[in-house]
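Here the structure is laid out as structure tokens; the discussion comes afterwards.
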Amino acid sequence: MSGRPARRRAPQQDRSRRMVERIVAAGREVLVARGYDAASTNRIAAAAGISPGSLYQYFPDKDAVIGEILGRHLDDLEARVSRAFLEALPTADIADAVHAIVVALLDVIGEQPDLHRAVAEQLPRTANGRRVAFARRIDELAAVALIGRGVPPERARVTAWTVVRTAEHVTTSYVLERPGFDREQVVEELTHMVTTHLAGAGLRPEPDSDPS
């Protein structure tokens, strides 16, 4: 599954839109409870209280339903993580900025861990895939902020890629693995790691007023 498969019919009326939302909600419930392999169209239809035929009027197969579910989840994830980056990056104290971003990542991923697990399992990180495209947009935001703090452009791009992937991997792993230690310990550890790495890249303590 590489993206969000097309629906069979786009809902035009309120009744149709409500039916789509009903199917999507049922699909999310079945996906989280049973996993992708067991999330058949029959089970999704039963959870929605409709016949399989009614489901097929709007979605051609289970991949279309699950693609819609995961696509919506990624839409929300991308919007909130991007907003957290944009709000935190201008902060004068880089440790405070990193801390705020790490907390935001854990908050967003932690709200729906089972759904995020499905994203990780069903939308692999391919070079041209949506997950990588989103990570690259965050890379760009981070690189611009680093350049604004005096890091040379070539170094900024490498550093941004490294710290973004590190933060993403650690926060996702913490939520999905549930290692049993306090979340704040992970926040502090990751903040220290990233801040130390950024200091080694030649980061100035204060950002320029216009990093672009």
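What you are looking at is a predicted structure, and each value in this text was computed from that prediction instead of being measured. Throughout, residue positions are numbered sequentially from 1 according to the sequence presented.
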Charged N-O contact under 4.0 Å between [X] and [Y]:
{"X": "Asp14", "Y": "Arg17", "result": "yes"}
{"X": "Lys62", "Y": "Asp37", "result": "no"}
{"X": "Arg136", "Y": "Glu140", "result": "no"}

Is a side-chain donor or acceptor of [X] paired with a backbone partner of [Y] at a separation under 3.5 angstrom?
{"X": "Tyr174", "Y": "Phe181", "answer": "yes"}
{"X": "Thr172", "Y": "Glu168", "answer": "yes"}
{"X": "Arg43", "Y": "Ala38", "answer": "yes"}
{"X": "Gln185", "Y": "Asp182", "answer": "yes"}

Query - Test side chain to side chain contact (heavy atoms under 4.5 Å, CB included) applied to Arg83 - qualifying residues, sequence neighbours left out - result: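 Applying side chain to side chain contact (heavy atoms under 4.5 Å, CB included) to Arg83 gives Arg80, Glu87.
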
Requested in this report: Any chance you could lay out the side-chain contact (heavy atoms from CB on, under 4.5 Å) test for Glu188 and Glu184, step after step, and finish with the verdict?
Outcome: CA-CA 6 Å; Glu188 295 301 328; Glu184 190 57 31; 2.7 Å; yes

For [X], side chain to side chain donor-acceptor pair (under 3.5 Å) partners two or more places apart:
{"X": "Asp107", "value": "Arg183"}
{"X": "Arg165", "value": "Asp139"}
{"X": "Ser40", "value": "none"}

Query - salt bridge (Lys or Arg N to Asp or Glu O under 4.0 Å) involving Arg157 - partner list, sequence neighbours excluded - result: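 If we apply the salt bridge (Lys or Arg N to Asp or Glu O under 4.0 Å) test to Arg157, skipping adjacent residues, the hits are Glu154.
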
Query raised in the report: In chain order, what residues pass the salt bridge (Lys or Arg N to Asp or Glu O under 4.0 Å) check against Arg137, with sequence neighbours excluded?
Result: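 So Arg137 forms a salt bridge (Lys or Arg N to Asp or Glu O under 4.0 Å) with Glu78.
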
Query raised in the report: Could you walk me through whether Thr41 and Val65 pass the side-chain contact (heavy atoms from CB on, under 4.5 Å) check?
Result: CA-CA 8 Å; Thr41 51; Val65 179; 5.6 Å; no

